[in-house]
Structures are given as C-alpha cells and as structure tokens.
Amino acid sequence: MKGLVGTLSDTFPIFGYHKRHYMTGTVVIATGAMIALTLIDFSWVKANVTAASVLFFCVQLNSASTDVMLDGKISEFMVKKPAIKADGVSFINGMLMAGMFIFIL
C-alpha cells in the first residue's frame, strides 16, 4: 500500500504539492472513519462487516500514507543537508517512540 500511495502522490501532485494535500486528505478520511466507528451501534457492525472493514481500512490508509510521505520528506531534507545524516532519522524515530510511550501511560 505504501508503494502505491508514494507513486500516486509523486505522479499526480495536487495544486503543485506532492505530499501536503494527500496527507491532509487521508487525515480527514481517517478522522471521519474513526468518528463513524465510534458512533455506530455494534449490532450494525455485526450486520455490515464489509462496511466496518472499509472504515478500518481508511484508518490504516492514513497511517501508511502519512508514514511514507514523512519518510520521503525526511529523505529530501537529508539530501539538502547531508551533515545531518542518520541523526535526523534517529531523532524522529526517538520522538515517535517517546510519544507512544507517553500515550500508553
């Protein structure tokens, strides 16, 4: 899925931007899917498993597309400022792990 999203965003920029609007779009779609999953009755989910699966897919699409878009942006940044090397990637991944740890608490 990440390869498809990355190829799509690089091939068809929206308003001249390759990443910004794709990330915003998937965030909006995922937020709507999460709100829908929160508000719908469990009996509806049992009766409409396919529709519920599509909502979960939308949430995961956001996660995958945001990840691949950020990785692409990090790569672009590392090409422009080669002195940073892997320190930037390590910092970003460290902050991601710290955020997840704080969320678990």
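Closest of all the heavy-atom pairs between T66 and M23 is CG2-CE, 3.9 Å. When all heavy atoms of F12 and Y22 are compared, the closest pair comes out as O-OH, 2.5 Å. Between A51 and W44 the shortest heavy-atom distance is CB-CH2, 3.5 Å. P13 and G16 get closest at one heavy-atom pair: CB-C, 4.1 Å. For the residue pair C58 and A30, the shortest heavy atom distance occurs at O-CB, 3.9 Å.
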task: Could you walk me through whether L61 and V5 pass the side chain to side chain contact (heavy atoms under 4.5 Å, CB included) test, one step at a time?
output: CA-CA 9 Å; L61 177 66; V5 170; 4.0 Å; yes
field: Stepwise side chain to side chain contact (heavy atoms under 4.5 Å, CB included) test for L70 and D67
entry: CA-CA 5 Å; L70 288 175; D67 183 51; 5.7 Å; no
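We find the NZ-CD distance between K19 and E76 to be 4.5 Å, quoted to the nearest 0.5 Å. Distance check: F57 CZ to T50 OG1 gives 14.0 Å after rounding to the nearest 0.5 Å. If you take NZ on K73 and CZ on R20, they are separated by 8.5 Å, rounding to the nearest 0.5 Å.
In summary, of the residues considered (L55, I29, L39, V59), a side-chain contact (heavy atoms from CB on, under 4.5 Å) with M34 occurs for V59 alone.
Here the side chain of T11 pairs no donor or acceptor atom with the backbone of L8 at under 3.5 angstrom.
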